[in-house]
J.: 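Input: one structure, supplied below.
Scope of the values below: all heavy atoms of this structure, side chains included, with no hydrogens, waters or symmetry mates.
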Amino acid sequence: MSKIKKIAVFTSGGDAPGMNACIRAVVRTALHFGCEVAGIKQGYQGMIDNNITEMSRHSVSNIMQLGGTILKTARCLDFRTPEGMQKAYDNLKLNGIDALVAIGGDGTFTGAERFSGIYNIPVICVPGTIDNDLYGSDFTLGFDTATNTVIEAIDKIRDTAESHDRLFFIEVMGRDAGCIALRAGIASGAEAIMMPEKDTAIIDLIKTLEEGAAQKKSSSIVIVAEGDKNGGAFNVAKKVKETFDFYDTKVTILGHLQRGGSPSSFDRILGCRMGFAAVKALLRGETRKMVGLRSNEIKLTDLKEALTDHEFKLEEDLLEMATILA
Ligand code: ATP
């Protein structure tokens with residue numbers, strides 16, 4: 001029999017589509033197994049401010065299709081301090097909370113790992129970030145939806161690029177990872193993809209574009225990951241324009257629209273699976289672990305291991321294919 005009587009769930013760091021499906025799964029799974037559930041608003045900030053509310057089956061009705069997070073999210077400096085953590089712990093005790101499910105990125109995991117170590121409170125983390133840059137899960141919550149959003153936007157830009165014979169540089173999110181750029185680039189037939197994992201010299205990009213022009217391509221799309229070492233879409237466009245000036249060039253930064261929107265079926269199911277697995281793991285006595293999806297199976301990874309610097313790699317076949325099919 002588990003000693004856990006009340007589980008709290010919160011979202012922290014950047015929001016990502018699919019977080020609501022995960023919150024719903026945590027609440028309903030915990031209730032199913034006889035626990036009470038609380039929702040902490042605005043992540044660690046809400047823990048410190050005692051912004052904590054009771055959750056029922058009904059409080060998570062009709063949220064699966066919503067983007068963002070109904071619990072709100074925040075970045076909280078105070079939680080990094082011993083005083084902030086103490087306040088957070090006192091409020092958890094005040095509310096009778098004895099275990100946590102944290103949905104967020106690596107900063108959230110670092111906070112959870114430290115907090116759980118100091119106060120011996122069980123915690124299971126769920127990877128929620130559109131960047132897909134966390135070790136221990138093939139996919140993070142929100143990545144699939146964000147990639148679909150980017151593809152939809154590129155399709156629309158392609159229409160106007162084609163009509164005006166234009167060269168478009170489209171910057172996509174992903175921080176230091178090129179996951180969104182690579183998949184969206186392949187799926188939208190982009191002429192070139194610039195990403196941090198694969199150095200592309202401007203001279204090589206120009207060669208690719210020249211080959212396209214020689215084949216009478218009337219429009220070209222270049223995807224630039226925000227972490228690309230050439231310094232973003234504006235810089236790449238400027239450098240290309242210096243030598244390749246017969247094209248009418250345009251730059252589009254997709255920005256935060258990539259974070260929003262109704263989650264895809266993949267992210268809804270992933271949110272459900274991860275939330276369900278997180279509660280079951282807590283009730284089995286697991287702690288300081290991250291729930292992940294590996295080869296379509298839910299697996300747990302120690303937070304310490306998840307937070308260790310691993311060389312981040314993109315799929316080799318996708319990288320090879322991206323060049324050949326472009
Ligand atoms: P995203 O990947 O979307 O940025 P994230 O979870 O990495 O999500 P961060 O802002 O890095 O987002 O971290 C979320 C919160 O976790 C921070 O605002 C802070 O409250 C907490 N946190 C991060 N690092 C630490 C730390 N070293 N100690 C305590 N708390 C931390």
J.: Indicate whether any N or O donor in one side chain lies under 3.5 Å from an N or O acceptor in the other, for Arg75 and Ser12.
T.: no
J.: Do the charged groups of Glu83 and Lys87 touch, with an N to O distance under 4.0 Å?
T.: no
J.: Is a donor on one side and an acceptor on the other found under 3.5 Å between the side chain of His32 and the backbone of Val27?
T.: no
J.: Going by heavy atoms in the side chains, are Val60 and Ile63 under 4.5 Å from each other?
T.: yes
J.: Looking at Phe10 versus Tyr44, is the centre-to-centre ring distance below 6.0 Å?
T.: yes
J.: Has the side chain of Arg158 got a donor or acceptor atom that lies under 3.5 Å from a matching backbone atom of Gly189?
T.: yes
J.: Is it true that atom NZ of Lys229 has more than 12 heavy atoms of other residues, nucleotides or ligands lying nearer than 6.0 Å?
T.: yes
J.: Mind checking whether Val240 and Ile253 sit in one hydrophobic cluster, side chains of I, L, V, M, F, W, Y counted as touching below 4.5 Å?
T.: yes
J.: May I ask whether Val279 and Val37 are part of the same hydrophobic cluster, defined by side-chain heavy atoms of I, L, V, M, F, W, Y residues being less than 4.5 angstrom apart, directly or through others?
T.: yes
J.: Measure across Phe79 and Ala88 and return the closest heavy-atom pair with its distance rounded to 0.1 Å.
T.: CE1-CB, 3.8 Å
J.: Regarding Arg294 and Thr301, do their side chains bring together a donor and an acceptor under 3.5 Å, going by distance alone?
T.: yes
J.: Could you state the interatomic distance from SG (Cys272) to CD1 (Ile23), rounded to the nearest 0.5 Å?
T.: 11.5 Å
J.: Is there a side-chain contact between Leu270 and Asp144 in this structure, where contact means two heavy atoms from C-beta onward sitting under 4.5 Å apart?
T.: no
J.: Keeping Ser116 on the side-chain end and Ile121 on the backbone end, is there a donor-acceptor pair under 3.5 Å?
T.: yes
J.: What pair of heavy atoms forms the shortest contact from Ser262 to Arg268, and how long is it?
T.: OG-NH2, 2.9 Å
J.: Quick check: does any side chain N or O of Asp138 sit under 3.5 Å from a backbone N or O of Ser295, one acting as donor and the other as acceptor?
T.: yes
J.: Roughly how far apart are Lys41 NZ and Thr53 OG1, rounded to 0.5 Å?
T.: 5.5 Å
J.: Spell out, as yes or no, whether a donor-acceptor pair under 3.5 Å connects the side chain of Glu152 to the backbone of Thr149.
T.: no
J.: Check Asp248 with Arg166, please: is the shortest side-chain N to carboxylate O separation under 4.0 Å?
T.: yes
J.: Might you point out which heavy atoms bring Ile223 and Ala190 nearest each other, and give the distance in Å?
T.: CG1-CB, 3.6 Å
J.: Just checking Lys207: does its NZ atom have more than 12 heavy atoms from other residues, nucleotides or ligands closer to it than 6.0 angstrom?
T.: no
J.: Using the side-chain contact (heavy atoms from CB on, under 4.5 Å) rule, pick out the option among Asn95, Asn91, Asp78, Leu92 that qualifies with Met47.
T.: Leu92
J.: Say whether Leu282 and Val123 are linked into one hydrophobic cluster, either directly or through other cluster members, by side-chain heavy-atom distances under 4.5 angstrom.
T.: no
J.: Please report whether the ring centroid of Tyr135 lies less than 6.0 Å from that of Phe312.
T.: no
J.: Spell out, as yes or no, whether a donor-acceptor pair under 3.5 Å connects the side chain of Thr69 to the backbone of Asp15.
T.: no
J.: So, for Asp267 and Thr145, which heavy atoms are closest and what is the spacing to 0.1 Å?
T.: OD2-OG1, 2.5 Å
J.: Can you tell me which residue among Lys289, Lys280, Arg288, Met274 is in a side-chain contact (heavy atoms from CB on, under 4.5 Å) with Ile124?
T.: Lys289
J.: Using a 4.5 Å cut-off on heavy atoms from C-beta on, say whether the side chain of Ser188 contacts that of Asp155.
T.: yes
J.: To the nearest 0.5 Å, what is the distance between CZ (Arg28) and CE (Met55)?
T.: 10.0 Å
J.: Does atom NZ of Lys241 have more than 12 heavy-atom neighbours, drawn from other residues, nucleotides or ligands, at distances under 6.0 Å?
T.: yes
J.: Taking all non-hydrogen atoms of both residues into account, name the closest pair between Pro17 and Gly260 and its distance.
T.: CG-O, 4.0 Å
J.: Would you check if the side chain of Thr11 reaches a backbone N or O of Lys72 as a donor-acceptor pair within less than 3.5 Å?
T.: yes
J.: Under 3.5 Å, which donor-acceptor pairs link side chains of residues 196-205 to any protein atom two or more places apart or in another chain?
T.:
| unit_1 | atom_1 | unit_2 | atom_2 | d |
| --- | --- | --- | --- | --- |
| Glu197 | OE1 | Gly178 | N | 3.2 |
| Glu197 | OE2 | Gly178 | N | 2.8 |
| Thr200 | OG1 | Lys198 | O | 3.4 |

J.: Step through the shown structure and confirm whether more than 12 heavy atoms of other residues, nucleotides or ligands are within 6.0 Å of CG on Asp90.
T.: yes
J.: If you apply the rule side-chain contact (heavy atoms from CB on, under 4.5 Å), what do you find for Ile97 with Lys93, and how did you get there?
T.: CA-CA 6 Å; Ile97 293 162; Lys93 289 294 110 188; over 6 Å; no
J.: What's the separation between atom CG in Leu303 and atom CZ in Arg114, rounded to the nearest 0.5 Å?
T.: 13.5 Å
J.: Side chains of Phe143 and Asp131, heavy atoms from C-beta outward: is any pair under 4.5 Å?
T.: no
J.: Should the pair Lys304-Glu113 be classified as a salt bridge under the 4.0 Å nitrogen-to-oxygen rule?
T.: yes
J.: When you measure from the side chain of Thr81 to the backbone N and O of Gly84, does any donor-acceptor pair fall under 3.5 Å?
T.: yes
J.: Can you check whether Ile70's main-chain N or O pairs, donor with acceptor, with Asn20's side chain at less than 3.5 Å?
T.: yes
J.: Before you tell me yes or no, could you show the steps for Met173 and His256 under side-chain contact (heavy atoms from CB on, under 4.5 Å), namely the whole-Å CA-CA distance, both residues' side-chain angles and the distance that decides it to 0.1 Å?
T.: CA-CA 8 Å; Met173 282 182 165; His256 279 81; 3.9 Å; yes
J.: Does CG belonging to Asp159 count more than 12 external heavy atoms closer than 6.0 Å?
T.: yes
J.: Can you confirm whether the side chains of Glu162 and Ser219 place a donor and an acceptor under 3.5 Å from each other?
T.: yes
J.: Taking the side chain as every heavy atom from C-beta outward, state whether Asp106 and Asp133 have any atom pair closer than 4.5 Å.
T.: no
J.: Where do Ala181 and Ile193 come nearest, in terms of heavy atoms and distance?
T.: O-CG2, 3.6 Å
J.: In sequence, state the C-alpha distance, the side-chain angles, and the governing distance for Ile186 and Met321, and then conclude on side-chain contact (heavy atoms from CB on, under 4.5 Å).
T.: CA-CA 8 Å; Ile186 292 172; Met321 204 168 71; 4.0 Å; yes
J.: State, with a plain yes or no, whether a side-chain heavy atom of Thr249 is found less than 4.5 Å away from one of Phe169.
T.: yes
J.: Output yes when a side-chain donor or acceptor of Asp228 lies under 3.5 Å from a complementary backbone atom of Asn230, and no otherwise.
T.: yes
J.: Using side-chain heavy atoms (C-beta onward) and a distance below 4.5 Å, is Asn296 in contact with Arg273?
T.: yes
J.: Quick one: does Arg57's side chain get under 4.5 Å of Leu31's, heavy atoms only?
T.: yes
J.: Between Glu171 and Lys250, does any NZ, NE, NH1 or NH2 come within less than 4.0 Å of an OD or OE carboxylate oxygen?
T.: no
J.: Applying the side-chain contact (heavy atoms from CB on, under 4.5 Å) test to Val172, which of Thr252, Val224, Leu182, Val150 qualifies?
T.: Val150
J.: Find the distance between CG (Leu141) and CE (Met19) and round it off to the nearest 0.5 Å.
T.: 7.0 Å
J.: Rounded to the nearest 0.5 Å, what's the gap from OG1 on Thr129 to CG on Leu134? Could you check?
T.: 6.0 Å
J.: Quick check: are there more than 12 heavy atoms from other residues, nucleotides or ligands sitting under 6.0 Å from CD of Glu316?
T.: no
J.: Test side-chain contact (heavy atoms from CB on, under 4.5 Å) on Asn51 and Ile40 and set out the steps.
T.: CA-CA 6 Å; Asn51 194 356; Ile40 303 170; 5.9 Å; no
J.: Does Ile130 belong to the same Ile/Leu/Val/Met/Phe/Trp/Tyr cluster as Leu314, with side-chain heavy atoms less than 4.5 Å apart forming each link?
T.: yes
